[in-house]
Amino acid sequence: MKKTHAILRLGRWLALPALVALAVAGCTLLRDAATRLPGPRYYEKAAAVIGEIRAFEQRIGFKETDNFADLDHETESYPFCGYVSRLYLPYSYEDPAIHWGEEPTEEECQSAAGAGADVYFGQTEAVGESGTPVTPSMLAGTLARFVYLVFHEDCHDQFGLPQGIEEALCNVIAYHAMAAFGRDRRLSGSAIIERVAMNRFAERESERTRMAKAFYDELAALYGRHQRDEMTTEALLAARAGIFAKAETALAWEKGSLNNVGIANDMTYSRHFPFLESVHDALGRDLGKTVAFFRQVDAIKPDRARVVKRHGLRNDQGLDFIRAYEAAVLETVKKTLSDSTRR
């Protein structure tokens, strides 16, 4: 996730509960469920891999970050707890309708949510933009997941874009960086295996991103019908159960675990992913150009106050602002790309 995104960044949105920042800053994505391949099991090896990643990041224009500089022996991972009414489909993990709490266990999270709520509880390996350390859960994962986390979290230190755009952008960059990083590594036997694993991870997660968006859109159509009184609550819940069952299989969630909070969290990374990847394609799939391009977009994007004024909003909080801010930045991306293409 991002630096200190409203839900991602730890330092910037101090008004939010700490766990909200952790939940978002931790980039709560699906863990790699593939066969575990040789990877960093001890911090010494992890540090060597991080050194290789940082050298690659410099070549594509990343600024230095202070993430993953040491090992936190005491913090295995970071818990998060989110819940929302089953009758409301959130826009993203930033949607104010989701309550992000500080409950440290699933039982306490369920108890806080009460009846009639969708509850999303889990653990994430890292938090973003806070000088986050390496955690034991990072070392226990696959090498592909480890490399992804470093690229994704370091990416958040490069930009100050809306979360819903930056999460997707940092996945575009991370997935393509993993493939390029794998190509750059020595062609020993283990490096070849690691390259295959990283390519497979990036390809699989990219496909999951597109599938998550399709399932969310299907759910959104259902909730729209319910809101227009075109279907009963019972029919809504029955229909969404069928969609979630299909999505759990396709997206590798445990049976019965996916709900409105989980799919909204995934949608934060998925909604703008296809468009942002098309921008990367238009830039020749050159990671250095993509990083420089979005740094330019970041520098010239409309400020929050202008978005508030333009849309007649009361302030820069709430779902209306989140949507409007994302749309304004996407307009900037399209215009900047059009101008650069003409040149």
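What's counted below: heavy atoms across the whole structure, side chains too, no hydrogens, waters or symmetry copies.
Here salt bridge (Lys or Arg N to Asp or Glu O under 4.0 Å) pairs that include residues 173-182, with residues two or more places apart or in two chains, number zero. The salt bridge (Lys or Arg N to Asp or Glu O under 4.0 Å) analysis of residues 226-244, with sequence neighbours excluded, yields the pairs Asp118-Arg240, Arg228-Glu230.
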Ring pair (Phe, Tyr, Trp, His ring centres under 6.0 Å) between Phe80 and Tyr120, worked out: CA-CA 8 Å; Phe80 59 86; Tyr120 183 34; 5.0 Å; yes
Stepwise side chain to side chain contact (heavy atoms under 4.5 Å, CB included) check, Glu125 with Leu149: CA-CA 9 Å; Glu125 307 105 303; Leu149 285 169; 3.7 Å; yes
Intermediate values then yes/no, side chain to side chain contact (heavy atoms under 4.5 Å, CB included), Lys334 and Phe275: CA-CA 10 Å; Lys334 292 171 185 175; Phe275 169 69; 3.6 Å; yes
Candidate pair Phe62 and Asp157, rule side chain to side chain contact (heavy atoms under 4.5 Å, CB included), full reasoning: CA-CA 9 Å; Phe62 271 25; Asp157 279 326; over 6 Å; no
Derivation of the side chain to side chain contact (heavy atoms under 4.5 Å, CB included) call for Lys309 and Asp303: CA-CA 10 Å; Lys309 183 176 180 180; Asp303 63 28; over 6 Å; no
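Of all the heavy atoms in Ser206 and Tyr175, the pair that sits closest is N-CE1, 3.9 Å. Glu326 approaches Pro162 most closely through the heavy-atom pair CG-CB, 4.1 Å. Considering all non-hydrogen atoms of both residues, Ile165 and Leu276 come closest at O-CD1, 3.5 Å. Closest of all the heavy-atom pairs between Gln158 and Asp154 is NE2-O, 2.9 Å. Nearest heavy atoms, Ala239 versus Met231: CB-CE, 4.4 Å. Closest approach of Val134 and Leu71 over heavy atoms only: O-CD1, 3.3 Å.
Classified by interplanar angle (parallel below 30°, tilted 30° to 60°, perpendicular above 60°), the ring pair His99/Tyr83 is tilted. Note: His226 and Tyr223 have perpendicular aromatic rings, judged against thresholds of 30 and 60 degrees for the angle between ring planes. Ring geometry, His280 versus His176: the interplanar angle falls from 30° to 60°, so the pair is classed tilted.
Within the model, atoms CD of Glu94 and CZ of Arg323 stand 12.0 Å from one another, a figure rounded to the nearest 0.5 Å. Interatomic distance, CZ of Arg295 versus CG of Leu161, reported as 10.5 Å (0.5 Å rounding).
Listed for the Asn259 side chain is a donor-acceptor partner under 3.5 Å among the backbone atoms of Val119. Distance alone, capped at 3.5 Å, places no donor-acceptor pair between the Asp95 side chain and the Ile98 backbone. With hydrogens and angles disregarded, no donor-acceptor distance shorter than 3.5 Å links the side chain of Asp316 to the backbone of Phe321. The backbone N or O of Arg86 sits less than 3.5 Å from a side-chain atom of Asn260, completing a donor-acceptor pair. Side-chain N or O atoms of Glu103 include none that pairs as donor or acceptor with a backbone N or O of Glu108 at under 3.5 Å. A donor-acceptor contact shorter than 3.5 Å links the side chain of Arg271 to the backbone of Tyr91. Between the side chain of Thr268 and the backbone N or O of Tyr93 there is at least one donor-acceptor pair closer than 3.5 Å. Side-chain atoms of Glu218 do not come within 3.5 Å of backbone N or O of Ala214 as any donor-acceptor pair. Side chain of Glu248 to main chain of Gly256: a donor-acceptor pair is present (N/O by atom type, distance under 3.5 Å, no hydrogens or angles). Judged purely by atom type and a 3.5 angstrom limit, Thr209 uses its side chain to pair as donor or acceptor with the backbone of Glu205.
Cluster membership for Phe121 and Tyr78, using ILVMFWY side-chain heavy atoms within less than 4.5 angstrom, is not shared.
Contact check on Lys301 versus Asp298 returns a salt bridge, with a Lys/Arg side-chain nitrogen under 4.0 Å from an Asp/Glu carboxylate oxygen. Taking 4.0 Å as the cut-off between side-chain N and carboxylate O, Glu57 and Arg54 count as a salt-bridged pair.
The aromatic ring centroids of Phe56 and Phe151 lie less than 6.0 Å from each other.
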